[in-house]
Amino acid sequence: MSLYLTHGFTAYSTKTELFDEIIHPQRVHWLPQTYQKAKTGFTYAPHILADMVLPPEKISWIRENPSIGKTAFILAGGNQHFAGINPRDNQKDTRLHYVYKFLPFTLTNVYAGRMAQQICEPDYISTDATACVSSLKVLQDCLMLEQFGYTRFVILSVEDAVTNSVLEFFGDSGACLTKKREEEEKIMPSAFDSVNGGFYVGQGAAFAVLMSEKEVAYYGLHPKARLVSACHSAEKLSNAIGQREDGKGYSDAIDGALTYGQVHASEITIVKTHGTGTKSNNASEKAGLQRSLKDFVATSYKQKIGHTMGASGLLETLLLLDNLAYGVVPGIANRTEKDDVFLSEDCEAPDGLVLSVAAGMGNVYSAAIFEPVR
Amino acid sequence: MIADADFFRLFDACAVLAKTPNNPPIPAGSLDDLLPSLNVDSLDTIIIGMYMCDIFGVPEEVGKTMQVRSVGDLKAFLLANATVESIDVDKVIENLK
């Protein structure tokens, strides 16, 4: 069984701005309009971000053309920050401080229910909090639901990533690239590089609709890609925010996707990596990919749009599919060494299948295989 | 402090914000209108109440005690707890957009 990606919309920023007033000064990719009225308490930055991938003229088709079977709506929120206001109520003097007066809407599933009713006629509503793999992990849920008669899958992925609390936590843990690290180490965001590395946090959202083959045929749609397979896995490791250097978590997810989709490793020719560029992820992801695959080229988008966390897997996959429509696999920004695998330069897209992978805090890994419709 | 017609305009503007485009509210026409008859459910009532409390300057802790069934109940609650002396309805509606 497989599904087809018929609609895909994204919101993100390629520009960065330095936030000097926060506890760990750092650059972020953000969309200032999402914070325009945030201090009034009547707007909620992630909700406005979500609205940016849901323009009424684009989603009206979904409501006006009902599913031929059952419809599932999934909010891939990446975490349960929706449920907590207090973490944002620190550092009141920053541009990112806000409160939100409508407490029920900060409850993830209340927001999901509201959005589901607005976008489609749902037979199933769920939310996913599986950290940075969230939007890829739910693809496996879709494939499983197909076996229960679902023919349409509506996925909204957005996370409250650029906030005082997240930037403080990522700064504390040394996960992101702070101003201090940039100055001391003189590095820029990159991945799989011996000199540059690390990422900025980014605001981003993705919206996607997947349909069964029958539903695609019924409506005569031209999909962007076929979702061949997806697999989520856990890594055995005592440190819940660590990664094994041998890449076992990555390779378990990749091997699972290959097996479930009856795909041979040699059929995967293009990889959208998680690509945060941290030392631990560089080692783990590279080892996992090299263990499971043969000849491939790999890219990363986090250097261009930041780490959009729970939304990143699906958002970056949609960006890659857009690039592939022009026959290009983009190189990884700021590489200092020539590399034909973890691409230091753009390359012509080879024929074959696409693998998207993601990793998340809590020892979680997801992989999804796509066949682009070229 | 505020005529019924102006109150209905404010209520309708807040109700539109509370509802989704696919499930719009019914405009208020009487203080006796019960909120469910205007397609305003319990979640919508919280949102409308928060907006209206902000407009009337009702403190947040007081606003949270609001329990209303009709448009008239809402108006009575707001007037009993308002801290603003007058409201420029047109300006408020413009700012809500």
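The figures that follow rest on heavy atoms only: side chains count, while hydrogens, waters and symmetry mates do not. Note that the structure is a prediction, hence the values are computed from the model and not measured. So you know, we letter chains A, B, ... as the sequences are listed, proteins then strands, and number each from 1.
The neighbour count for A:Lys15 NZ, taken as heavy atoms of other residues, nucleotides or ligands under 6.0 Å away, does not exceed 12. Within 6.0 Å of atom CD in A:Gln118, more than 12 heavy atoms from other residues, nucleotides or ligands are found, so the atom counts as buried in its surroundings. Sparse packing is recorded around OH of A:Tyr218, with 12 or fewer heavy atoms of other residues, nucleotides or ligands lying under 6.0 Å away. Counting heavy-atom neighbours within 6.0 Å of A:Tyr12 OH, excluding the residue itself, gives a total of 12 or less. The environment of A:Glu17 atom CD is dense: over 12 non-hydrogen atoms of other residues, nucleotides or ligands sit within 6.0 angstrom. Atom CZ of A:Arg63 has more than 12 heavy atoms from other residues, nucleotides or ligands within 6.0 Å.
Looking at A:Lys101 and B:Ile47, their side chains never come closer than 4.5 Å, going by heavy atoms from C-beta outward. When side chains are defined from C-beta on, A:Gln117 does not count as touching B:Thr20, because their heavy atoms never get closer than 4.5 Å.
Only the backbone of B:Lys19 comes within less than 4.5 Å of a heavy atom in chain A; its side chain stays farther off. Within the 4.5 angstrom heavy-atom criterion, only side-chain atoms of B:Leu43, from C-beta onward, approach chain A.
Within residues 28-39 of chain B, no residue has any heavy atom closer than 4.5 Å to a heavy atom of chain A. Of all residues in residues 75-97 of chain B, those placing a non-hydrogen atom less than 4.5 angstrom from a non-hydrogen atom of chain A are B:Asn95, B:Lys97.
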Next on the checklist: With side chain to side chain contact (heavy atoms under 4.5 Å, CB included) as the criterion, how do B:Met50 and A:Phe42 come out once you've worked through the C-alpha distance, each side chain's angles and the decisive distance to 0.1 Å?
Outcome noted: CA-CA 9 Å; B:Met50 293 293 273; A:Phe42 291 106; 4.2 Å; yes

